[in-house]
Amino acid sequence: MLQDHAIVIGSSISGLVTAHILSQHYGRVSVLERDSLPEGGDFRAGVPQGRHVHLLLIRGARELEIMFPGINQELQDLGAQLFDIVNDCHYYLKNGWTTPHPTELKTLSATRPLFDWAIRRRLLQNPKIQFFAQHDAINLIGNRRHIQGVQARNRQDGSEKSLYADLVVDASGRSSKLATWLAELGCGAVSETVLDAKLGYTSRIYAKPEGWNEWKGLFVMQQPPSAPKGAILLEVEGNRWIVTGGGVNQAKPPTDEAGFMQWLRELPSPILADLLSNAQPLSPTSGYARTENRQRHYERMQLPAGVVALGDAVCAFNPMYGQGISTATLGAILLGQKLKEQDRGSAAWVQRFQHDLAKSNQFAWEMASGEDARYDPNFKRPLASKFLAPYFEQINQASVYSNVVFSEFIKTIHMIGNPTALFHPRVFIPVLMSKLRPRVSTLVPNLPLQRNI
């Protein structure tokens, strides 16, 4: 029986953009969220990474603007920072600092709660979408051939309700229970590919010094496997800086204040320790360590009709690479394209969607796993990835003195460039020259303390 109803499990950004897409194809969309949903930019427990740096990749910013026209300006009105990712930031790479130069490569920086709120308040204006806050999805309704809805429990009073729908979308993230539910229905086990570089990170928010407008970001990049520490500082709403430091295995940053500051001082460049020793902290330090890359291969199994999964519930990346929001958005867009097909929701349709989603996620997966595999010699990388690793290391080195190389590299990282551009002669030749005559950059970014602000 057709319900003209779709259910989304989880109101992460993946769940929010998915609910928006579903509202274009169904008369009703219900979003189940185990947390309460605050108005504004408050942190919430269900987004454990919410207190850490969130840089929206350029591809993600562009796709969100297409999906929600005007949202980039709305984010700026709420305090998000628009910046040129090359000109307004400094990057410490293998042999020094990059040289800022103007580009059209612009994106937004804000705290994670602000990104969530800007999207969620758009959805609150959509009469087709209803949020069920403080509701757990506790099981699927249906059998191994056809899923017909979700059993939900109210966390406030313990009551349960059966919600029936034509399509259930799992966007519940790394903690997804879909694999368990499907196994209990007799669908078999979901195979996984997991690569864990054992990364942990610590973050803190600081006041931006009054009158400081020279740059909006500092990146002290990890250089695996020899330099397993890295850190990022970004300007966010409210005239604040957010700083996240990450390290692998024994190089993880401590979460106490003194330990974190000493850890920052031991980075390949001590610039962040120098900078933050004079800055006013506005928050306690926060740690996080669930950072493994994990693929759940739903495309390899026979799924029931009426249920799909996307976002981190399918493919989760090491968060330090910033790919989550953009890949989740692209997954929701793909879902919208597939929903135009006449057999939507059928078992065959579900299989096609999960197969196409796996293909869509593959490039981001290879980028993240290619880096993290350098910490794990036992992880079996594709032969091409092993072959290209030395070349990408040289790109890193050449980026310090070649604006062309660095700009093309940034385009690849931000998922807006064709990776083959990295092999064009205008990139390849400077990369080759850097190998023959490696240079070291002596540029050092200006710091507020140097200007007595």
Side-chain angles (χ1 to χ4, degrees), residues 1-12 14-34 128-132 135-153 160-173 175-191 296-315 328 331-361:
M1 180 178 177
L2 294 179
Q3 305 289 326
D4 197 21
H5 180 213
I7 295 173
V8 180
I9 303 173
S11 69
S12 62
S14 176
L16 295 175
V17 294
T18 298
H20 171 74
I21 292 293
L22 290 169
S23 72
Q24 300 170 6
H25 299 272
Y26 294 91
R28 292 185 301 130
V29 179
S30 298
V31 182
L32 301 181
E33 171 53 53
R34 65 191 309 272
K128 291 185 176 182
I129 298 174
Q130 182 178 6
F131 286 89
F132 289 85
H135 277 73
D136 287 307
I138 59 175
N139 216 329
L140 299 173
I141 299 172
N143 53 48
R144 64 187 182 90
R145 293 185 179 85
H146 190 191
I147 301 304
Q148 296 173 304
V150 172
Q151 192 73 15
R153 178 185 294 135
E160 296 185 10
K161 65 176 68 176
S162 298
L163 298 174
Y164 291 89
D166 305 294
L167 183 66
V168 175
V169 181
D170 178 21
S172 59
S175 299
S176 167
K177 296 180 176 63
L178 181 62
T180 300
W181 295 337
L182 291 173
E184 291 172 349
L185 290 174
C187 298
V190 180
S191 63
R296 293 183 173 106
H297 295 289
Y298 289 110
E299 78 280 6
R300 297 179 184 174
M301 64 183 295
Q302 189 65 45
L303 292 169
V307 62
V308 295
L310 45 67
D312 281 2
V314 172
C315 191
I333 292 169
L334 175 64
L335 178 63
Q337 294 168 349
K338 303 297 286 185
L339 285 169
K340 297 175 184 177
E341 298 174 3
Q342 290 188 349
D343 63 340
R344 71 183 191 190
S346 69
W349 177 89
V350 166
Q351 201 68 38
R352 292 198 305 272
F353 170 73
Q354 297 295 164
H355 180 267
D356 291 349
L357 180 65
K359 289 176 59 179
S360 175
N361 288 334

Who are the side chain to side chain contact (heavy atoms under 4.5 Å, CB included) partners of Ser175, not counting sequence neighbours?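 Residues passing side chain to side chain contact (heavy atoms under 4.5 Å, CB included) with Ser175: Arg290.
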Side chains of [X] and [Y]: closer than 4.5 Å at any heavy-atom pair?
{"X": "Ile7", "Y": "Tyr26", "answer": "no"}
{"X": "Arg352", "Y": "Asp343", "answer": "yes"}
{"X": "Leu163", "Y": "Val168", "answer": "no"}
{"X": "Glu184", "Y": "Asn139", "answer": "yes"}
{"X": "Gln151", "Y": "Glu160", "answer": "yes"}
{"X": "Glu299", "Y": "Leu357", "answer": "no"}
{"X": "Leu334", "Y": "Leu310", "answer": "no"}
{"X": "Leu178", "Y": "Val190", "answer": "no"}

Testing the basics here: between [X] and [Y], what is the closest heavy-atom pair and its distance to 0.1 Å?
{"X": "Ser14", "Y": "Ala328", "answer": "CB-CB, 3.7 Å"}
{"X": "Ala171", "Y": "Ser12", "answer": "O-OG, 3.4 Å"}
{"X": "Trp181", "Y": "Ala137", "answer": "CZ2-O, 3.3 Å"}
{"X": "Ala309", "Y": "Gln354", "answer": "N-OE1, 2.8 Å"}
{"X": "Asn361", "Y": "Cys315", "answer": "ND2-CB, 3.5 Å"}
{"X": "Gln302", "Y": "Gln351", "answer": "CA-OE1, 3.8 Å"}

Tell me whether the rings of Phe353 and Trp349 are parallel (<30°), tilted (30 to 60°) or perpendicular (>60°).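 Geometry flag for Trp349 against Phe353: parallel rings.
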Check step by step if salt bridge (charged side-chain N to carboxylate O under 4.0 Å, His left out) holds for Arg296 and Asp170. CA-CA 12 Å; Arg296 293 183 173 106; Asp170 178 21; over 6 Å; no
Using the rule given for salt bridge (charged side-chain N to carboxylate O under 4.0 Å, His left out), can you reason through Arg344 versus Glu341, listing the C-alpha separation, both sets of side-chain angles and the distance that settles it, and then say yes or no? CA-CA 6 Å; Arg344 71 183 191 190; Glu341 298 174 3; over 6 Å; no
Lys/Arg N to Asp/Glu carboxylate O, Lys177 vs Asp136, below 4.0 Å: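 Asp136 and Lys177: not salt-bridged.
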